*Asks:* 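Structure provided below as C-alpha cells; questions to follow.
Numbering starts at 1 and runs along the sequence shown. None of these values were measured; they are calculated from a predicted model.
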Amino acid sequence: MVKANKQVVRGFFTEVVNEKRHDLIEKYFSKSYVAHGFPYVGLGLYSEKSYNDKIVITAVVPGSPADGKLEIGDEILMAKDDKNTWDKFQQLKNSPWGQGEIGTSVMVRVKRGEEVLDIKLMRGLVQGFEVPYDLLIEGFNRFLTREWPDVEVDIEAMVEEEDMVACLITYKGANTEFERSATWPASAFFKIEKGKIIEGWGVSDSLSQLNQLGYDVKPPKNGG
C-alpha cells in the first residue's frame with residue numbers, strides 16, 4: 001500500500017535526518033529525483049570548500065557563464081575583477097566573488113591538471129541548478145555526516161495537495177567546522193510519485209545561519 005504523501009515526507013525527516021538512518025535515503029527518494037534551484041546572478045559554479053584547503057569545482061550549471069570554460073575538478077587559485085582580488089583560501093572560500101552586476105567580468109585563475117589557466121568570465125543570470133539523485137546522495141552525506149552530524153528537524157507545518165507536499169521546518173544542530181550551534185527556518189516543497197519523492201524545491205534562511213556561525217555580514221564597499 002502506498003503511503004500518503006505527507007507520511008513520506010515526515011518519514012524522511014524523522015528516519016533519515018533525525019534518527020541518522022542515512023541508509024534509508026533510497027526508501028524515500030526515487031533515483032530519477034531532481035532538486036530544482038532558483039535563478040541568481042553569478043557565474044554558475046559550485047565548489048567543495050574544505051578539500052585539503054583547496055577550492056575545487058564540483059559542478060557547473062549548464063548554460064551559465066562558467067559552462068564550457070570551467071570544468072569539474074578545476075582548483076580555483078585566484079579571482080579578480082576591476083575592484084577586488086581574491087587570492088587567499090579564506091577569501092575564496094568566504095567571499096561571494098562570483099556575484100556582482102550582470103555584464104561585469106571576473107578573471108578566474110585555475111589549476112587544471114598540471115596547467116594553470118586564466119579564464120575570463122562575465123557575470124550573468126544563472127538558472128537554477130538541477131541536482132540529480134547522485135549529487136543528492138553526495139550532498140546529504142556531506143551535510144548530515146561532515147557538516148552537521150547532530151542536526152535535527154522540527155516540522156512546524158505541513159500541507160498536502162494532490163502530488164505536492166509543502167512544509168515549514170526548523171533546523172538545529174552544531175557545525176563541525178565552526179564549532180558553533182545554530183537554528184534556522186526553511187521551507188521545503190516535494191513532489192511525490194508512487195510513494196517516493198521525485199522532485200524538490202527549498203528555501204533556507206541562510207543569513208540567520210551564517211550570523212549564528214560567526215560570520216560578520218556587512219554591506220560591500222564601493223559595490224565590490
Side-chain angles (χ1 to χ4, degrees), residues 1-40 42 44-50 57-64 67 72 125-177 182-210:
M1 180 177 179
V2 176
K3 290 183 178 180
N5 293 337
K6 286 200 295 186
Q7 287 181 276
V8 174
V9 174
R10 189 178 299 278
F12 159 66
F13 283 125
T14 299
E15 290 193 312
V16 177
V17 180
N18 292 349
E19 296 178 5
K20 314 306 175 191
R21 293 293 309 278
H22 305 159
D23 58 308
L24 296 181
I25 290 177
E26 290 187 16
K27 174 181 176 181
Y28 293 101
F29 285 85
S30 166
K31 290 189 176 180
S32 62
Y33 169 85
V34 175
H36 301 280
F38 295 93
Y40 67 96
L45 60 93
Y46 292 85
S47 59
E48 170 60 67
K49 299 178 180 179
S50 57
I57 295 176
T58 56
V60 177
V61 179
S64 69
D67 188 21
I72 294 174
L125 180 63
V126 179
Q127 297 303 314
F129 184 65
E130 295 190 347
V131 180
Y133 179 81
D134 55 343
L135 291 182
L136 164 78
I137 299 298
E138 180 182 321
F140 272 147
N141 286 335
R142 181 171 61 250
F143 181 81
L144 296 174
T145 64
R146 290 164 49 190
E147 298 174 356
W148 301 86
D150 69 341
V151 71
E152 293 184 0
V153 168
D154 291 328
I155 300 174
E156 311 295 347
M158 184 179 292
V159 178
E160 177 180 346
E161 183 173 345
E162 297 182 352
D163 60 356
M164 294 292 297
V165 175
C167 50
L168 176 65
I169 58 179
T170 300
Y171 286 100
K172 55 186 176 182
N175 184 277
T176 55
E177 179 180 1
T183 180
W184 67 97
S187 296
F189 306 83
F190 301 99
K191 185 175 182 179
I192 316 295
E193 184 178 276
K194 297 180 180 178
K196 290 199 174 187
I197 301 169
I198 61 170
E199 292 184 79
W201 298 258
V203 181
S204 181
D205 187 354
S206 299
L207 180 59
S208 175
Q209 181 200 81
L210 291 174

*Asks:* Rounded to the nearest 0.5 Å, what separation is found between the CD atom of E160 and the CZ atom of F190?
*Replies:*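 With rounding to 0.5 Å, CD (E160) is 13.0 Å from CZ (F190).
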*Asks:* Using every non-hydrogen atom in the two residues, find where Y33 and G200 come nearest and quote the distance to one decimal.
*Replies:*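 For Y33 versus G200, the nearest heavy atoms are CE1-N, 3.7 Å.
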*Asks:* Name the atoms and distances for all side-chain donor-acceptor pairs under 3.5 Å in residues 16-23, with sequence neighbours left out.
*Replies:*
from : atom 1 : to   : atom 2 : distance (Å)
N18  : OD1    : V153 : N      : 2.7
N18  : ND2    : V153 : O      : 3.0
K20  : NZ     : V17  : O      : 2.9
K20  : NZ     : V151 : O      : 2.3
R21  : NE     : D23  : OD1    : 3.2
R21  : NH2    : D23  : OD2    : 3.1

*Asks:* Mind listing the closest non-hydrogen atom pair of F189 and A166 along with its distance?
*Replies:*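 Closest pair (atom of F189, atom of A166, distance): CD2-CB, 3.5 Å.
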*Asks:* For the residue pair W148 and F143, categorise the inter-ring angle as parallel (less than 30°), tilted (30 to 60°) or perpendicular (more than 60°).
*Replies:*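 Aromatic pair W148/F143 classed tilted.
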*Asks:* Can you name the side-chain hydrogen bond (donor to acceptor under 3.5 Å, both in side chains) partners of T14, sequence neighbours left out?
*Replies:*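 Per chain and number, T14 pairs via side-chain hydrogen bond (donor to acceptor under 3.5 Å, both in side chains) with no residue.
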*Asks:* What's the spacing between Y133 OH and K31 NZ if we round to 0.5 Å?
*Replies:*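 Between atom OH of Y133 and atom NZ of K31 there are 5.5 Å.
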*Asks:* Within this structure, what is the CD1-CZ distance for the pair I169 and F13, rounded to the nearest 0.5 Å?
*Replies:*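 Going from the CD1 atom of I169 to the CZ atom of F13 covers 4.0 Å.
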*Asks:* Of all residues at least two apart in sequence or in a different chain, which pass the side chain to side chain contact (heavy atoms under 4.5 Å, CB included) check with S64?
*Replies:*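 For S64 the side chain to side chain contact (heavy atoms under 4.5 Å, CB included) partners, ignoring immediate neighbours, are V60, V61, A66, D67, V126.
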*Asks:* Establish, yes or no, whether a centroid distance under 6.0 Å links the rings of F140 and F12.
*Replies:*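 F140 vs F12: aromatic centres under 6.0 Å.
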*Asks:* Could you grab the distance from atom CD of E199 to atom CE of M164, nearest 0.5 Å is fine?
*Replies:*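 E199 atom CD to M164 atom CE measures 7.5 Å (nearest 0.5 Å).
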*Asks:* Do L135 and T58 have side chains that approach each other closer than 4.5 Å (heavy atoms only, starting at C-beta)?
*Replies:*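 Not touching, per the 4.5 Å side-chain cut-off.
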*Asks:* Enumerate the residue pairs fulfilling salt bridge (charged side-chain N to carboxylate O under 4.0 Å, His left out) with a member in residues 147-156, sequence neighbours excluded, ordered by first and then second residue.
*Replies:*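 Checked against salt bridge (charged side-chain N to carboxylate O under 4.0 Å, His left out) - neighbours excluded - the pairs reaching residues 147-156 are R142-E147, D154-K172.
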*Asks:* Please round to the nearest 0.5 Å and tell me the distance separating atom CG of L125 and atom OH of Y40.
*Replies:*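 Result: 10.0 Å between the selected atoms.
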*Asks:* For residues L168 and A186, report the shortest heavy-atom separation together with the two atoms involved.
*Replies:*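 Of all heavy-atom pairs spanning L168 and A186, the closest is CD1-O, 3.5 Å.
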*Asks:* Under the side chain to side chain contact (heavy atoms under 4.5 Å, CB included) test, which residues partner V159, sequence neighbours left out?
*Replies:*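 Side chain to side chain contact (heavy atoms under 4.5 Å, CB included) check on V159 returns nothing, list empty.
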*Asks:* Which atom pairs, one a donor and one an acceptor, fall under 3.5 Å between side chains of residues 202-210 and the rest of the protein, sequence neighbours left out?
*Replies:*
from : atom 1 : to   : atom 2 : distance (Å)
S204 : OG     : W184 : NE1    : 3.1
D205 : OD1    : S208 : N      : 3.2
S208 : OG     : Q212 : NE2    : 3.0

*Asks:* Nearest 0.5 Å, what's the CD-CD1 distance between E193 and I198?
*Replies:*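 Spacing of CD (E193) from CD1 (I198) equals 4.0 Å.
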*Asks:* Keeping the roles fixed (side chain from K196, backbone from E26), state whether a donor-acceptor pair exists under 3.5 Å.
*Replies:*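 Side chain of K196 to backbone of E26: a pair is present.
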*Asks:* Check each of V8, I197, N5 against V165 using the side chain to side chain contact (heavy atoms under 4.5 Å, CB included) test, and report the only one that passes.
*Replies:*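 Checked V8, I197, N5 against V165; only one passes side chain to side chain contact (heavy atoms under 4.5 Å, CB included): N5.
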*Asks:* Can you find a pair of side-chain heavy atoms, one from P62 and one from F129, that are under 4.5 Å apart?
*Replies:*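 They are in contact (side-chain heavy atoms under 4.5 Å apart), so the answer is yes.
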